[in-house]
Each structure stands twice: as structure tokens, then as C-alpha cells.
Amino acid sequence: MNSQQYSLIQWRADQGIWVILSDDGSEQPLEEWAKDQPELSQVRLTLSATDYAVHWVSLPGVKGRQVARALPFALEETLIGDISEYIIIPSGSTHGRHRAYLVSAELIDRLLDMMDLHHLRLVSLTPETAVLADTPCIVRARSGWLVSV
């Protein structure tokens, strides 16, 4: 696999599997896709928007270098589970509000285990909506829509 190519990956909880989604609408279980990759390939994936949450929080008085440490405290009340069950990725600020991507730590552990099992190196996992414009937009994405407001 070309290490610059990004493939969209989605967790199918009803089936208990990871699926690679192609631009043409086809999909393939990660296990099958991984068999076609050279051993020890560096893999760059885009995480489907169905597998994470995006939160915007205001942190008045918090300096930019302290945002990553302050986010868990700011998000704690909005989450269903314990904050320790999530991986929190700070991702920019605008007009005094800070964006954070949250994904289940268990889900990422499953993905990393699958990569290890197939001798692949996950070097990048980008949230699908992270590549949207900073201005509000609606984008057609495979069989659905991505909305940024």
C-alpha cells in the first residue's frame, strides 16, 4: 500500500468488525483488506465520523498551552461514561472555543490489536470531519452527508 493513501475505516458494532470503505461505495472487512497489504506497511486511515464525537467547549482564562490538560475536566459532565474511557484529541480553537475529538479507548485498542495481528503499522488515524473547511459546510460523503456548523 502506498503510505500516502488514506482509507476510510468504520467500526460495525452489530457485526463486531472493522470495515474499509472505498470511494466507489464498496466495503471490505479489515481482515480481508489487511491480507492484501505488504507486511509491516505503514497504514494511514481516516476514521469514519460514526465512530467518534466532536465537542466544542469554552475555556475562559485557559492559555493555549493548557488546553489539552483542561479539556478532560471541561468535557467530563457531557459524557455518558467515565472520562478515562475516551481518548481526547484537541484540535484547534476559534473565537474562544476549543474543539476536541473523542473516541472510545476500547475501540482504538481493538483497531491497534487488529493492526498488530496483521503486522501493519498504523501511523495516522484522522477523524473524517477534520479535513472539512473551517467555515460551515455540507459535504456529500459516500452514502451520507458530513455537516460542519
Side-chain angles (χ1 to χ4, degrees), residues 1-59 67-94 97-149:
M1 174 181 165
N2 179 344
S3 65
Q4 298 306 308
Q5 181 180 349
Y6 286 76
S7 296
L8 183 68
I9 188 164
Q10 183 179 65
W11 174 250
R12 297 285 172 82
D14 58 334
Q15 301 169 14
I17 62 170
W18 284 102
V19 176
I20 299 291
L21 305 169
S22 300
D23 288 333
D24 64 6
S26 64
E27 53 187 59
Q28 184 178 24
L30 178 62
E31 293 83 359
E32 291 177 22
W33 176 85
K35 290 176 186 176
D36 295 334
Q37 308 308 311
E39 198 166 303
L40 301 177
S41 290
Q42 292 187 352
V43 177
R44 299 175 189 279
L45 298 173
T46 301
L47 185 62
S48 171
T50 60
D51 295 319
Y52 61 88
V54 181
H55 289 270
W56 286 89
V57 295
S58 292
L59 298 170
V67 168
R69 286 182 284 190
L71 279 172
F73 299 104
L75 293 166
E76 196 166 23
E77 296 299 316
T78 65
L79 301 176
I80 294 172
D82 188 77
I83 195 74
S84 65
E85 297 173 7
Y86 298 92
I87 295 173
I88 301 171
I89 305 158
S91 182
S93 302
T94 183
R97 294 175 47 101
H98 306 278
R99 179 175 49 196
Y101 292 100
L102 282 80
V103 63
S104 164
E106 179 184 342
L107 198 61
I108 296 302
D109 287 343
R110 287 181 188 203
L111 178 58
L112 292 174
D113 288 346
M114 187 61 63
M115 291 288 144
D116 284 344
L117 180 67
H118 292 285
H119 307 285
L120 299 173
R121 289 188 54 229
L122 182 62
V123 295
S124 173
L125 184 62
T126 306
E128 186 176 21
T129 55
V131 297
L132 293 178
D134 288 336
T135 57
C137 65
I138 298 174
V139 178
R140 179 90 170 133
R142 291 168 179 76
S143 62
W145 296 89
L146 295 175
V147 179
S148 176
V149 291

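Quick note: residue numbers are just sequence positions, from 1. The structure presented is a predicted model; accordingly, all values stated were derived computationally and were not measured.
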Heavy-atom distance under 4.5 Å between the side chains of [X] and [Y], does that happen here?
X     : Y     : answer
Leu59 : Phe73 : no
Ser7  : Trp33 : yes
Ile88 : His55 : no
Ile9  : Leu47 : yes
Tyr52 : Ile87 : no

Taking all atoms of both residues into account, what is the closest heavy-atom pair of [X] and [Y], and its distance?
X      : Y      : result
Arg12  : Val19  : CG-CG2, 3.5 Å
Pro90  : Leu71  : CB-CD1, 3.7 Å
Glu128 : Thr46  : CA-CG2, 3.6 Å
Ala130 : Tyr101 : CA-OH, 3.2 Å
Ala34  : Leu120 : CB-CD1, 3.8 Å

Side chains of residues 106-119: which donor-acceptor pairs under 3.5 Å do they make with residues two or more places apart or in other chains?
from	atom 1	to	atom 2	distance (Å)
Glu106	OE2	Arg110	NH2	2.8

Establish, from distance only, whether the side-chain atoms of Gln42 and Arg44 form a donor-acceptor pair under 3.5 Å. no

Can you tell me if Gln28 and Ser22 form a side-chain donor-acceptor pair at under 3.5 Å? no

Which residue pairs pass the side chain to side chain donor-acceptor pair (under 3.5 Å) test with at least one member in residues 76-88, sequence neighbours excluded? Asp82-Ser84

Just how far is it from atom CD of Glu27 to atom CD of Glu32, taken to the nearest 0.5 Å? 11.0 Å

Ignoring hydrogens and angles, tell me if any N or O in the side chain of Arg99 forms a donor-acceptor pair with the backbone of Ser91 under 3.5 Å. yes

